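Below, chains carry the letters A, B, ... as their sequence lines are ordered, and counting in each starts from 1. Small disclaimer: the values here were computed from a predicted structure and weren't measured.
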Number of protein chains: 2
Amino acid sequence: MADNPIFTYTQPEESTGYLLWQVTMGWHLRMNQQLRPVGLTLTQFSLLAGLYWLSRQGEVVTQQRLADYAHTDRMMTSKVLQTLEKKGLVARRSNPHDGRAKQLQLTDAGEGLLRQAHAVMQQADGQFFGPLGAEAGLFNQLLARLMG
Amino acid sequence: MADNPIFTYTQPEESTGYLLWQVTMGWHLRMNQQLRPVGLTLTQFSLLAGLYWLSRQGEVVTQQRLADYAHTDRMMTSKVLQTLEKKGLVARRSNPHDGRAKQLQLTDAGEGLLRQAHAVMQQADGQFFGPLGAEAGLFNQLLARLMG
DNA sequence: CTACTTTTGTAGTCGCGACTACTAAATCAT
DNA sequence: ATGATTTAGTAGTCGCGACTACAAAAGTAG
C-alpha cells in the first residue's frame, strides 16, 4: 500500500463537520441525561414542543405536519408518537376531513410534562453553552473554527 | 391547564442547541448518503480514520484507546470494530502484553477503502459548508446565532 | 500471596434515525 | 366517473449510541 498520507491534516478536529458532530453529540447526551428523570428523551421532548407550538398557532396538527416542522421523518415520528400516546401525553384522533391523517393533540398530562421538561432543558442548555460549561473546550474550538 | 405559555420564545430555532442539532443531523445524513456507495457509515469511517491517525503516530492501538480518541463509548466501539473485522478492514489481534486488550490494525483493504472514503468526504464536506451548500439556510442561522 | 479495585472487552436492551415496502385515502387528469 | 398519481400513516430492518451487567485480566495494598 502506498505510503503517501491519506489526510492532509493531522487531527480530526480540523474538520468542521466532525467538530460539529462531537459538540452536538455531547449536547445530545447531556440533554437526554437531564431529561431522564422527567421520563422523556430529547426527541420526544422536541416533538411535544413542536406540537405545542403548532397547536398554539391554531393549526390542526397531523403527524406529517409535525414531522416537517421538527425535521424528522414521518416513519420515526409515527413510532415516537405511538410511544407518547401510550404514555398518555398526546391524543391521536382520526381526522374527519381526511381519513388518512391523524389529528394530534397534547393532553393535559403532556402539557404538564412539557412544562417540567422545558424548565430542565433551559437549565441544562445554559450550563452547556455557558462560560463554565463542561464542554467549553470542544465548543470553543467549534466557535473559533466557525469564526476564523 | 394553565394558559401561561411554556416557552418564552416562539420558534425552536431560537434555541442554540436545537439549531446545532438540526444542522448536525443534516450533515450526518449527507455524509452517510455520500459514504453509502463506498460501503461505510460515518461512524465506521471515523473509527477507521482514528485508527489510521493513531497508528501513524506509532501507537499500539487498543479498542479503548480508539474509543477515547473518537469520543465513542467502548461498547459501541467494540461492536463496530467487529463489523469492520468481518468486512476485512481491520485486524484485532490479542495483545501479548495484556490479555484483556485487542491490538488493532488497519488491513491493506481497510487503508484502501479509507483513502476512497476520505476523497468522498472531502468533497461532500465542502459542498455542505460551502457558500452554495443546500443546508446553507440552517447553517447560516447557526453561524448568526453563535456570533450574534 | 491474597484480597480489593480498576481496566478492557463483550452481550443484550432500548430508542432513535434512515431506510424499504406496503395500505388506504385523497387528489388530479382526462 | 375512472384511472393514475400523490399523500398520510404503518411495519419491519439496519446501524448506531447510551445503557446495564458481566467476565477476565491487570494492577494495588495489606
Once you round it to whole Å, what is the distance between C1' of D:dG17 and CH2 of A:Trp27? 15 Å
Please tell me if the side chains of A:Met25 and A:Leu29 come closer than 4.5 Å, counting only heavy atoms from C-beta onward. no
Measure from CG on B:Asn95 to P on C:dT8 and round the result to the nearest Å. 11 Å
B:His71 NE2 - D:dA18 P separation (whole Å): 12 Å
Would you mind listing every salt bridge (Lys or Arg N to Asp or Glu O under 4.0 Å) that reaches into residues 89-106 of chain A, with sequence neighbours excluded? A:Glu85-A:Arg92, A:Asp98-A:Arg100
Expressed as a whole number of angstroms, how long is the span from B:Asn32:CG to C:dC19:P? 8 Å
Classify every nucleotide of nucleotides 9-16 of chain D by which part a protein heavy atom approaches to under 4.0 Å, writing B for the base, S for the sugar-phosphate alone and - for neither, in 5'-to-3' order. BBBBB-SS
Using side-chain hydrogen bond (donor to acceptor under 3.5 Å, both in side chains), reason through B:Arg56 and B:Tyr52 one step at a time and then give a plain yes or no. CA-CA 6 Å; B:Arg56 198 149 237 273; B:Tyr52 173 84; 2.9 Å; yes
Would you name the heavy atoms of B:Gly50 and B:Leu66 that are closest together and state the gap between them? C-CD1, 3.6 Å
Spacing of B:Leu104 atom CG relative to C:dG9 atom C1', expressed in whole Å: 11 Å
Any A:Arg36 side-chain nitrogen or oxygen under 4.0 Å from OP1 or OP2 of D:dA18: no
Using a 4.5 Å cut-off on heavy atoms from C-beta on, say whether the side chain of B:Phe129 contacts that of A:Leu20. yes
Could you pick out which residue, A:Gln33 or B:His97, lies toward the 5' side of DNA chain D when each is mapped onto its nearest nucleotide? A:Gln33
Distance in angstrom units between B:Asp73 CG and C:dT7 C1', rounded: 15 Å
With sequence neighbours excluded, tell me which residues meet side-chain contact (heavy atoms from CB on, under 4.5 Å) with A:Gln123. A:Gln127
